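Only a predicted model underlies this, so the values are computations on that prediction, with no experimental measurement involved.
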Amino acid sequence: MNSSLGANTEFSRGVWELIRPSCHKENLYLLNSRFFSRRVFPISLTSKQLGAGKINKGGLSAVSMLSASGNQGGSSGLTYKEAGVDIDAGSELVRRIAKMAPGIGGFGGLFPLGDSYLVAGTDGVGTKLKLAFETGIHETIGIDLVAMSVNDIVTSGAKPLFFLDYFATSRLDVDLAEKVIKGIVDGCQQSDCTLLGGETAEMPGFYADGEYDLSGFAVGIVKKDSVIDGKNITVGDVLIGLPSSGVHSNGFSLVRRVLSQSGLSLRDQLPGETITLGEALMAPTVIYVKQVLDFISRGGVKGIAHITGGGFTDNIPRVFPEGLGAVIYKDSWAVPPVFKWIQEEGRIENSEMRRTFNMGIGMVLIVGQEAATRILADAHGQYTAYRIGEVVCGEGVSYQ
(Lines give C-alpha, C1' and ligand atoms only; values in the text may rest on other atoms or scores of the structure.)
Protein backbone atom coordinates (compact mmCIF):
# COMPACT_ATOMS: atom_id res chain seq x y z
CA MET A 1 0.00 0.00 0.00
CA ASN A 2 0.97 3.45 0.13
CA SER A 3 -1.50 5.72 1.51
CA SER A 4 -3.63 8.33 2.73
CA LEU A 5 -4.97 11.58 1.43
CA GLY A 6 -8.13 11.97 3.46
CA ALA A 7 -9.40 8.60 2.32
CA ASN A 8 -7.04 5.66 2.10
CA THR A 9 -5.55 6.05 -1.35
CA GLU A 10 -3.18 3.19 -0.72
CA PHE A 11 -0.38 3.92 -3.11
CA SER A 12 3.02 5.62 -3.15
CA ARG A 13 5.76 6.21 -5.66
CA GLY A 14 9.55 6.09 -5.88
CA VAL A 15 11.29 9.07 -7.40
CA TRP A 16 14.78 7.64 -7.61
CA GLU A 17 16.21 5.59 -10.47
CA LEU A 18 14.11 2.46 -10.92
CA ILE A 19 15.25 -0.83 -12.38
CA ARG A 20 12.21 -2.42 -13.94
CA PRO A 21 10.90 -3.31 -17.40
CA SER A 22 8.88 -0.60 -19.11
CA CYS A 23 5.85 -2.88 -19.43
CA HIS A 24 3.21 -0.81 -17.66
CA LYS A 25 1.67 1.78 -19.91
CA GLU A 26 -0.73 3.18 -17.36
CA ASN A 27 0.46 3.49 -13.77
CA LEU A 28 -2.64 3.45 -11.60
CA TYR A 29 -1.23 4.91 -8.42
CA LEU A 30 -2.37 7.66 -6.13
CA LEU A 31 -0.42 10.27 -4.26
CA ASN A 32 0.58 9.94 -0.64
CA SER A 33 -0.35 12.81 1.56
CA ARG A 34 2.74 14.74 2.55
CA PHE A 35 3.53 15.10 6.19
CA PHE A 36 5.27 18.24 7.40
CA SER A 37 7.32 18.67 10.55
CA ARG A 38 10.63 20.14 11.58
CA ARG A 39 12.35 17.67 9.28
CA VAL A 40 11.96 17.21 5.57
CA PHE A 41 11.98 13.66 4.17
CA PRO A 42 12.33 12.74 0.52
CA ILE A 43 8.91 12.00 -0.96
CA SER A 44 8.72 8.43 -2.27
CA LEU A 45 5.74 7.66 -4.48
CA THR A 46 6.17 3.78 -4.49
CA SER A 47 2.76 2.70 -5.08
CA LYS A 48 1.03 0.60 -3.45
CA GLN A 49 -10.50 -13.94 -6.30
CA LEU A 50 -9.44 -15.65 -8.01
CA GLY A 51 -7.79 -18.48 -9.01
CA ALA A 52 -9.41 -23.35 -9.80
CA GLY A 53 -7.41 -25.51 -7.61
CA LYS A 54 -5.76 -24.61 -4.35
CA ILE A 55 -2.29 -26.13 -4.37
CA ASN A 56 -0.84 -26.06 -0.90
CA LYS A 57 1.88 -28.32 0.43
CA GLY A 58 1.22 -30.77 -2.38
CA GLY A 59 -2.52 -30.93 -1.78
CA LEU A 60 -5.38 -29.81 -3.99
CA SER A 61 -8.76 -28.53 -2.96
CA ALA A 62 -11.26 -26.12 -4.43
CA VAL A 63 -12.46 -23.14 -2.43
CA SER A 64 -14.78 -20.48 -3.77
CA MET A 65 -13.09 -17.11 -4.13
CA LEU A 66 -16.18 -14.96 -3.91
CA SER A 67 -19.67 -15.84 -2.86
CA ALA A 68 -22.23 -16.55 -5.50
CA SER A 69 -24.22 -13.61 -4.23
CA GLY A 70 -21.49 -11.15 -5.26
CA ASN A 71 -22.93 -8.41 -7.42
CA GLN A 72 -22.17 -9.30 -11.02
CA GLY A 73 -23.78 -6.32 -12.66
CA GLY A 74 -25.89 -3.24 -12.20
CA SER A 75 -24.92 0.01 -10.58
CA SER A 76 -26.36 -0.42 -7.07
CA GLY A 77 -23.18 -1.79 -5.49
CA LEU A 78 -20.66 0.38 -3.68
CA THR A 79 -17.42 1.41 -5.36
CA TYR A 80 -14.09 2.68 -4.13
CA LYS A 81 -14.66 5.96 -5.93
CA GLU A 82 -17.98 6.46 -4.18
CA ALA A 83 -16.13 5.89 -0.91
CA GLY A 84 -13.84 8.80 -1.76
CA VAL A 85 -10.88 7.21 -3.55
CA ASP A 86 -10.52 8.00 -7.25
CA ILE A 87 -7.86 5.73 -8.76
CA ASP A 88 -8.18 7.35 -12.18
CA ALA A 89 -7.43 10.80 -10.77
CA GLY A 90 -4.34 9.35 -9.14
CA SER A 91 -3.32 7.80 -12.44
CA GLU A 92 -3.45 11.21 -14.08
CA LEU A 93 -1.35 12.74 -11.30
CA VAL A 94 1.32 10.06 -11.64
CA ARG A 95 1.47 10.62 -15.41
CA ARG A 96 2.14 14.30 -14.74
CA ILE A 97 4.76 13.52 -12.09
CA ALA A 98 6.47 11.13 -14.51
CA LYS A 99 7.20 14.08 -16.78
CA MET A 100 9.13 15.72 -13.96
CA ALA A 101 10.71 12.57 -12.48
CA PRO A 102 11.02 9.91 -15.21
CA GLY A 103 11.20 6.31 -14.05
CA ILE A 104 8.62 6.29 -11.28
CA GLY A 105 6.24 3.39 -10.92
CA GLY A 106 8.06 0.65 -9.03
CA PHE A 107 7.25 -0.60 -5.55
CA GLY A 108 10.47 1.01 -4.28
CA GLY A 109 12.98 3.59 -5.42
CA LEU A 110 16.52 2.41 -6.24
CA PHE A 111 19.61 4.55 -5.61
CA PRO A 112 23.03 3.30 -6.83
CA LEU A 113 25.69 2.80 -4.18
CA GLY A 114 28.84 1.03 -5.36
CA ASP A 115 27.98 -2.51 -6.42
CA SER A 116 24.57 -2.28 -4.75
CA TYR A 117 21.35 -0.32 -4.76
CA LEU A 118 19.74 1.29 -1.78
CA VAL A 119 16.02 0.60 -2.08
CA ALA A 120 13.67 3.03 -0.35
CA GLY A 121 9.95 3.14 0.26
CA THR A 122 7.49 5.22 2.23
CA ASP A 123 3.89 4.67 3.25
CA GLY A 124 1.19 5.09 5.85
CA VAL A 125 -1.77 3.02 6.99
CA GLY A 126 -4.52 5.27 5.65
CA THR A 127 -7.97 5.26 7.16
CA LYS A 128 -7.35 2.00 8.99
CA LEU A 129 -6.34 4.51 11.67
CA LYS A 130 -10.01 5.42 12.04
CA LEU A 131 -10.73 1.86 13.09
CA ALA A 132 -7.83 1.96 15.53
CA PHE A 133 -9.39 5.02 17.16
CA GLU A 134 -12.81 3.37 17.33
CA THR A 135 -11.64 -0.04 18.59
CA GLY A 136 -8.86 1.20 20.86
CA ILE A 137 -6.50 -1.30 19.20
CA HIS A 138 -3.26 0.67 18.91
CA GLU A 139 -0.69 -2.05 19.64
CA THR A 140 -0.62 -3.50 16.12
CA ILE A 141 -1.09 -0.45 13.88
CA GLY A 142 2.69 0.06 13.99
CA ILE A 143 3.16 -3.40 12.48
CA ASP A 144 0.95 -2.29 9.59
CA LEU A 145 3.09 0.81 9.17
CA VAL A 146 6.34 -1.12 8.91
CA ALA A 147 4.81 -3.83 6.74
CA MET A 148 3.62 -1.51 4.01
CA SER A 149 7.10 -0.15 3.37
CA VAL A 150 9.29 -3.22 3.91
CA ASN A 151 6.96 -5.41 1.85
CA ASP A 152 7.33 -2.91 -0.97
CA ILE A 153 11.13 -2.78 -0.98
CA VAL A 154 11.57 -6.56 -0.67
CA THR A 155 9.91 -6.90 -4.09
CA SER A 156 13.25 -5.75 -5.54
CA GLY A 157 15.07 -8.41 -3.53
CA ALA A 158 16.28 -5.85 -1.00
CA LYS A 159 16.96 -6.70 2.63
CA PRO A 160 15.56 -3.93 4.84
CA LEU A 161 18.26 -2.10 6.79
CA PHE A 162 16.43 0.53 8.80
CA PHE A 163 13.09 2.22 9.35
CA LEU A 164 12.05 5.75 10.33
CA ASP A 165 8.62 6.75 11.59
CA TYR A 166 6.55 9.93 11.80
CA PHE A 167 3.90 10.24 14.51
CA ALA A 168 1.71 13.36 14.51
CA THR A 169 -1.03 14.35 16.94
CA SER A 170 -2.69 17.44 18.37
CA ARG A 171 -1.94 16.56 21.99
CA LEU A 172 0.65 13.95 22.88
CA ASP A 173 -0.76 11.07 24.90
CA VAL A 174 2.44 9.35 25.99
CA ASP A 175 0.79 6.04 26.90
CA LEU A 176 -1.03 5.80 23.58
CA ALA A 177 2.07 6.80 21.60
CA GLU A 178 4.07 4.14 23.43
CA LYS A 179 1.60 1.47 22.28
CA VAL A 180 1.91 2.63 18.68
CA ILE A 181 5.72 2.73 18.79
CA LYS A 182 5.81 -0.74 20.35
CA GLY A 183 3.99 -2.01 17.27
CA ILE A 184 6.58 -0.33 15.07
CA VAL A 185 9.35 -2.02 17.04
CA ASP A 186 7.57 -5.38 16.64
CA GLY A 187 7.31 -4.79 12.88
CA CYS A 188 11.01 -3.98 12.65
CA GLN A 189 11.85 -7.16 14.53
CA GLN A 190 9.68 -9.20 12.18
CA SER A 191 11.47 -7.72 9.17
CA ASP A 192 14.93 -7.87 10.76
CA CYS A 193 15.61 -4.16 10.42
CA THR A 194 16.51 -1.37 12.84
CA LEU A 195 14.21 1.37 14.03
CA LEU A 196 16.74 4.10 13.43
CA GLY A 197 14.72 7.11 14.51
CA GLY A 198 11.66 9.18 13.78
CA GLU A 199 9.69 12.33 14.40
CA THR A 200 6.99 13.07 16.95
CA ALA A 201 5.01 16.15 15.95
CA GLU A 202 2.56 17.75 18.36
CA MET A 203 0.29 20.16 16.45
CA PRO A 204 -2.50 21.60 18.61
CA GLY A 205 -5.85 21.88 16.86
CA PHE A 206 -4.77 19.97 13.78
CA TYR A 207 -6.22 16.55 14.67
CA ALA A 208 -9.29 15.55 16.63
CA ASP A 209 -8.71 14.76 20.28
CA GLY A 210 -7.25 11.28 20.71
CA GLU A 211 -6.39 10.90 17.02
CA TYR A 212 -3.03 10.78 15.28
CA ASP A 213 -1.44 10.13 11.91
CA LEU A 214 1.45 7.89 10.94
CA SER A 215 3.91 7.53 8.11
CA GLY A 216 7.00 5.42 7.74
CA PHE A 217 10.14 5.17 5.66
CA ALA A 218 12.20 2.04 4.98
CA VAL A 219 15.59 1.65 3.34
CA GLY A 220 17.11 -1.64 2.23
CA ILE A 221 19.97 -2.87 0.09
CA VAL A 222 20.45 -5.34 -2.76
CA LYS A 223 23.42 -6.16 -4.97
CA LYS A 224 23.05 -4.78 -8.47
CA ASP A 225 23.38 -8.25 -9.98
CA SER A 226 20.67 -9.60 -7.67
CA VAL A 227 17.86 -7.11 -8.29
CA ILE A 228 14.48 -8.75 -8.89
CA ASP A 229 13.11 -6.74 -11.81
CA GLY A 230 10.85 -9.05 -13.82
CA LYS A 231 12.90 -8.79 -17.01
CA ASN A 232 13.34 -12.56 -17.28
CA ILE A 233 9.67 -13.44 -16.84
CA THR A 234 8.43 -15.65 -19.69
CA VAL A 235 5.22 -17.33 -20.80
CA GLY A 236 4.51 -20.36 -18.65
CA ASP A 237 6.08 -19.01 -15.47
CA VAL A 238 4.04 -19.68 -12.35
CA LEU A 239 2.35 -17.24 -9.97
CA ILE A 240 2.76 -18.26 -6.33
CA GLY A 241 0.52 -16.50 -3.82
CA LEU A 242 1.32 -15.99 -0.14
CA PRO A 243 -1.74 -15.57 2.08
CA SER A 244 -2.73 -12.33 3.76
CA SER A 245 -4.15 -11.98 7.26
CA GLY A 246 -7.18 -10.13 5.91
CA VAL A 247 -7.68 -6.62 4.59
CA HIS A 248 -4.15 -5.54 5.62
CA SER A 249 -3.96 -1.74 5.22
CA ASN A 250 -5.81 -1.02 2.00
CA GLY A 251 -9.38 -0.32 1.01
CA PHE A 252 -10.52 0.96 4.39
CA SER A 253 -12.41 3.91 2.98
CA LEU A 254 -14.67 1.40 1.23
CA VAL A 255 -14.69 -0.88 4.27
CA ARG A 256 -15.86 1.97 6.46
CA ARG A 257 -18.62 2.86 3.99
CA VAL A 258 -19.81 -0.75 3.99
CA LEU A 259 -19.70 -0.87 7.78
CA SER A 260 -21.70 2.34 8.12
CA GLN A 261 -24.55 1.04 5.95
CA SER A 262 -24.53 -2.47 7.43
CA GLY A 263 -26.05 -1.44 10.74
CA LEU A 264 -23.32 -3.39 12.56
CA SER A 265 -20.60 -2.04 14.82
CA LEU A 266 -16.98 -3.06 15.18
CA ARG A 267 -17.97 -4.83 18.41
CA ASP A 268 -20.43 -7.08 16.61
CA GLN A 269 -19.47 -10.57 15.54
CA LEU A 270 -18.34 -11.10 11.97
CA PRO A 271 -21.29 -13.06 10.57
CA GLY A 272 -20.58 -16.78 10.66
CA GLU A 273 -17.32 -16.36 12.58
CA THR A 274 -16.22 -16.31 16.22
CA ILE A 275 -14.37 -12.99 16.11
CA THR A 276 -15.69 -9.45 16.01
CA LEU A 277 -15.64 -7.24 12.94
CA GLY A 278 -13.13 -5.02 14.70
CA GLU A 279 -10.77 -7.92 15.35
CA ALA A 280 -11.06 -9.17 11.77
CA LEU A 281 -10.48 -5.75 10.22
CA MET A 282 -7.65 -4.78 12.56
CA ALA A 283 -5.62 -7.96 11.98
CA PRO A 284 -2.07 -6.67 11.36
CA THR A 285 -0.55 -6.80 7.91
CA VAL A 286 1.66 -9.82 7.27
CA ILE A 287 5.35 -8.95 6.94
CA TYR A 288 6.72 -11.19 4.17
CA VAL A 289 10.36 -10.10 4.26
CA LYS A 290 12.06 -13.14 5.76
CA GLN A 291 9.96 -15.62 3.79
CA VAL A 292 10.48 -13.83 0.48
CA LEU A 293 14.24 -13.39 0.99
CA ASP A 294 14.47 -17.11 1.76
CA PHE A 295 12.67 -17.96 -1.50
CA ILE A 296 14.96 -15.60 -3.41
CA SER A 297 18.08 -17.21 -1.91
CA ARG A 298 17.01 -20.58 -3.34
CA GLY A 299 16.75 -19.23 -6.88
CA GLY A 300 14.10 -19.08 -9.55
CA VAL A 301 12.25 -15.94 -8.39
CA LYS A 302 11.83 -13.61 -11.36
CA GLY A 303 9.35 -11.00 -10.17
CA ILE A 304 7.43 -10.04 -7.03
CA ALA A 305 4.26 -7.99 -6.60
CA HIS A 306 3.01 -6.63 -3.29
CA ILE A 307 -0.77 -6.87 -3.48
CA THR A 308 -2.12 -3.71 -1.90
CA GLY A 309 -4.37 -0.98 -3.29
CA GLY A 310 -5.20 -1.89 -6.87
CA GLY A 311 -5.35 -5.58 -6.01
CA PHE A 312 -4.22 -8.16 -8.54
CA THR A 313 -5.62 -6.13 -11.41
CA ASP A 314 -3.19 -3.22 -11.08
CA ASN A 315 -0.23 -4.62 -9.15
CA ILE A 316 0.74 -7.83 -10.93
CA PRO A 317 1.19 -6.23 -14.38
CA ARG A 318 3.70 -3.77 -12.92
CA VAL A 319 6.40 -6.45 -12.80
CA PHE A 320 5.81 -7.91 -16.28
CA PRO A 321 7.77 -7.18 -19.45
CA GLU A 322 5.83 -5.64 -22.30
CA GLY A 323 3.44 -8.08 -23.96
CA LEU A 324 2.94 -10.42 -21.01
CA GLY A 325 -0.02 -10.83 -18.70
CA ALA A 326 -1.41 -13.24 -16.15
CA VAL A 327 -4.25 -15.70 -15.84
CA ILE A 328 -5.45 -16.18 -12.27
CA TYR A 329 -7.04 -19.51 -11.37
CA LYS A 330 -10.36 -18.91 -9.67
CA ASP A 331 -10.92 -20.78 -6.41
CA SER A 332 -7.23 -21.60 -5.97
CA TRP A 333 -7.08 -20.32 -2.39
CA ALA A 334 -9.43 -19.70 0.51
CA VAL A 335 -10.73 -16.13 0.56
CA PRO A 336 -11.00 -14.88 4.17
CA PRO A 337 -14.61 -14.52 5.36
CA VAL A 338 -14.18 -10.80 5.96
CA PHE A 339 -13.97 -10.18 2.20
CA LYS A 340 -17.13 -12.16 1.56
CA TRP A 341 -18.92 -10.09 4.18
CA ILE A 342 -17.65 -6.84 2.63
CA GLN A 343 -18.80 -7.87 -0.83
CA GLU A 344 -22.21 -9.15 0.19
CA GLU A 345 -22.98 -6.26 2.53
CA GLY A 346 -21.83 -3.64 0.03
CA ARG A 347 -23.15 -5.47 -3.04
CA ILE A 348 -19.76 -4.86 -4.60
CA GLU A 349 -18.97 -6.24 -8.04
CA ASN A 350 -16.20 -8.80 -8.43
CA SER A 351 -14.11 -6.45 -10.57
CA GLU A 352 -14.28 -3.74 -7.90
CA MET A 353 -13.28 -6.19 -5.18
CA ARG A 354 -10.33 -7.41 -7.25
CA ARG A 355 -9.08 -3.88 -7.87
CA THR A 356 -9.51 -2.69 -4.28
CA PHE A 357 -8.56 -5.57 -1.96
CA ASN A 358 -5.94 -8.31 -1.75
CA MET A 359 -8.69 -10.95 -1.45
CA GLY A 360 -6.52 -13.13 0.77
CA ILE A 361 -3.23 -12.98 -1.16
CA GLY A 362 -0.79 -10.34 0.07
CA MET A 363 2.28 -11.14 -2.03
CA VAL A 364 2.70 -12.77 -5.44
CA LEU A 365 5.95 -14.31 -6.68
CA ILE A 366 6.50 -15.03 -10.36
CA VAL A 367 8.79 -18.04 -10.57
CA GLY A 368 9.98 -20.70 -12.98
CA GLN A 369 8.35 -24.12 -13.05
CA GLU A 370 11.16 -25.77 -11.07
CA ALA A 371 11.08 -23.11 -8.36
CA ALA A 372 7.30 -23.40 -8.14
CA THR A 373 7.49 -27.14 -7.57
CA ARG A 374 10.12 -26.66 -4.88
CA ILE A 375 8.25 -23.87 -3.06
CA LEU A 376 5.01 -25.83 -2.96
CA ALA A 377 6.66 -29.13 -2.03
CA ASP A 378 8.85 -27.63 0.71
CA ALA A 379 6.00 -26.06 2.68
CA HIS A 380 5.39 -29.02 5.03
CA GLY A 381 3.49 -26.87 7.49
CA GLN A 382 6.21 -24.21 7.71
CA TYR A 383 4.28 -21.81 5.51
CA THR A 384 1.33 -21.69 3.16
CA ALA A 385 1.69 -21.02 -0.54
CA TYR A 386 -0.72 -21.38 -3.43
CA ARG A 387 -0.27 -21.88 -7.14
CA ILE A 388 -2.67 -19.15 -8.23
CA GLY A 389 -1.94 -18.60 -11.90
CA GLU A 390 0.49 -18.42 -14.79
CA VAL A 391 2.09 -15.97 -17.18
CA VAL A 392 0.53 -15.75 -20.64
CA CYS A 393 0.87 -13.72 -23.81
CA GLY A 394 -1.11 -10.51 -23.79
CA GLU A 395 -1.37 -7.79 -21.19
CA GLY A 396 -3.32 -7.33 -17.98
CA VAL A 397 -4.87 -9.87 -15.64
CA SER A 398 -7.69 -12.26 -16.49
CA TYR A 399 -9.49 -14.79 -14.32
CA GLN A 400 -10.57 -18.32 -15.15
Side-chain angles (χ1 to χ4, degrees), residues 1-4 12 32 35 37-39 41-42 44 46 48 107-108 118-133 135-155 158-169 171-202 207 210-221 242 244-250 252 278-279 281-294 306 308 362-363:
M1 155 190 151
N2 308 316
S3 76
S4 79
S12 67
N32 271 6
F35 301 90
S37 71
R38 294 187 298 274
R39 301 187 307 191
F41 293 99
S44 166
T46 35
K48 310 193 219 355
F107 289 98
L118 293 179
V119 184
T122 184
D123 215 330
V125 294
T127 58
K128 187 172 186 176
L129 286 172
K130 286 288 189 182
L131 274 68
F133 306 151
T135 61
I137 300 174
H138 301 283
E139 295 84 357
T140 57
I141 201 73
I143 297 175
D144 292 305
L145 183 67
V146 175
M148 301 317 294
S149 287
V150 297
N151 285 344
D152 272 353
I153 67 175
V154 80
T155 62
K159 180 192 180 303
L161 296 174
F162 58 85
F163 186 83
L164 299 166
D165 73 272
Y166 176 86
F167 178 96
T169 186
R171 183 183 63 81
L172 182 60
D173 180 331
V174 175
D175 291 336
L176 186 151
E178 182 183 24
K179 292 178 181 178
V180 175
I181 301 303
K182 183 183 183 302
I184 294 173
V185 171
D186 288 346
C188 288
Q189 291 173 343
Q190 290 183 36
S191 54
D192 197 23
C193 70
T194 299
L195 177 58
L196 195 62
E199 166 73 359
T200 301
E202 193 169 21
Y207 299 96
E211 297 191 355
Y212 54 86
D213 204 356
L214 294 173
S215 60
F217 315 83
V219 175
I221 193 166
L242 305 181
S244 70
S245 59
V247 183
H248 280 182
S249 300
N250 299 93
F252 276 90
E279 291 167 337
L281 294 169
M282 287 299 295
T285 304
V286 175
I287 293 178
Y288 298 98
V289 169
K290 292 180 180 179
Q291 185 177 11
V292 168
L293 290 178
D294 180 58
H306 185 198
T308 57
M363 191 74 80

Enquirer: Can you tell me how far CD of E199 sits from OG of S215, rounded to the nearest 0.5 angstrom?
Expert: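 Taking OG in S215 and CD in E199, the distance rounds to 9.5 Å.
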
Enquirer: Taking atom CG of N250 and atom OG1 of T308, what is their separation to the nearest 0.5 Å?
Expert: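 The OG1 atom of T308 is 4.5 Å from CG of N250, to the nearest 0.5 Å.
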
Enquirer: Can you tell me how far apart CG (D173) and NZ (K179) are? Round to the nearest 0.5 Å.
Expert: 8.0 Å

Enquirer: State whether the side chain of N151 and the backbone N or O of V286 hold a donor-acceptor pair below 3.5 Å, judged by distance alone.
Expert: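 Present.
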
Enquirer: At their closest point, which heavy atom of T155 faces which heavy atom of D152, and how far apart are they?
Expert: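 Looking at all heavy atoms of both residues, the closest pair is OG1-O, 2.6 Å.
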
Enquirer: Out of curiosity, Y166 OH to L214 CG, how far, rounded to the nearest 0.5 Å?
Expert: 10.5 Å

Enquirer: Side chain of T122, backbone of G216: donor and acceptor closer than 3.5 Å?
Expert: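 Pair found, side chain donor or acceptor close to backbone of G216.
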
Enquirer: So, for V150 and A218, which heavy atoms are closest and what is the spacing to 0.1 Å?
Expert: CG1-CB, 4.0 Å

Enquirer: Out of curiosity, Y207 OH to D213 CG, how far, rounded to the nearest 0.5 Å?
Expert: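 Here the rounded value is 4.5 Å.
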
Enquirer: Hey, mind stepping through F217 and L196 against side chain to side chain contact (heavy atoms under 4.5 Å, CB included) and telling me if it holds?
Expert: CA-CA 10 Å; F217 315 83; L196 195 62; over 6 Å; no

Enquirer: Identify each donor-acceptor pair in which a side-chain atom of residues 185-195 lies under 3.5 Å from a protein atom, sequence neighbours left out, and give them as a table.
Expert:
{"from": "D186", "atom 1": "OD2", "to": "K182", "atom 2": "NZ", "distance (Å)": "3.3"}
{"from": "S191", "atom 1": "OG", "to": "G187", "atom 2": "O", "distance (Å)": "2.9"}
{"from": "S191", "atom 1": "OG", "to": "C188", "atom 2": "O", "distance (Å)": "3.3"}

Enquirer: For atom NZ of K130, is the number of surrounding heavy atoms from other residues, nucleotides or ligands below 6.0 Å larger than 12?
Expert: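 No, the 6.0 Å shell around NZ holds no more than 12 heavy atoms from other groups.
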
Enquirer: Test your reading of the model: is there a side-chain donor-acceptor pair from T169 to the backbone of E211, 3.5 Å cut-off?
Expert: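 Looks like yes, one N/O pair under 3.5 Å.
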
Enquirer: Which pair of heavy atoms, one from I153 and one from A120, lies closest together, and at what distance?
Expert: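 In this case the closest contact between I153 and A120 is CG2-C, 3.7 Å.
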
Enquirer: Indicate yes or no: at least one non-hydrogen side-chain atom of F252 is less than 4.5 angstrom from one of L281.
Expert: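 Yes, side chains in contact.
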
Enquirer: How many angstroms lie between CE in M148 and CD1 in I287, if you round to the nearest 0.5 Å?
Expert: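 With rounding to 0.5 Å, CE (M148) is 10.5 Å from CD1 (I287).
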
Enquirer: Check side-chain contact (heavy atoms from CB on, under 4.5 Å) between V292 and all other residues, then give those that pass, not counting sequence neighbours.
Expert: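 Listed in chain order: V154, L242, Y288, I296, I304, M363.
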
Enquirer: Grab the two heavy atoms, one from G210 and one from L176, that are nearest each other, plus how far apart they are.
Expert: O-CD1, 4.2 Å

Enquirer: If you take all heavy atoms of S149 and G121, which pair is closest and at what distance?
Expert: OG-O, 3.8 Å

Enquirer: Name every donor-acceptor pair, under 3.5 Å, that has one atom in a side chain of residues 136-145 and the other anywhere in the protein, sequence neighbours excluded.
Expert:
{"from": "H138", "atom 1": "ND1", "to": "Y212", "atom 2": "OH", "distance (Å)": "2.8"}
{"from": "D144", "atom 1": "OD1", "to": "K128", "atom 2": "NZ", "distance (Å)": "3.1"}
{"from": "D144", "atom 1": "OD1", "to": "S249", "atom 2": "OG", "distance (Å)": "3.3"}
{"from": "D144", "atom 1": "OD1", "to": "T285", "atom 2": "N", "distance (Å)": "2.7"}
{"from": "D144", "atom 1": "OD1", "to": "T285", "atom 2": "OG1", "distance (Å)": "2.6"}
{"from": "D144", "atom 1": "OD2", "to": "K128", "atom 2": "NZ", "distance (Å)": "3.2"}

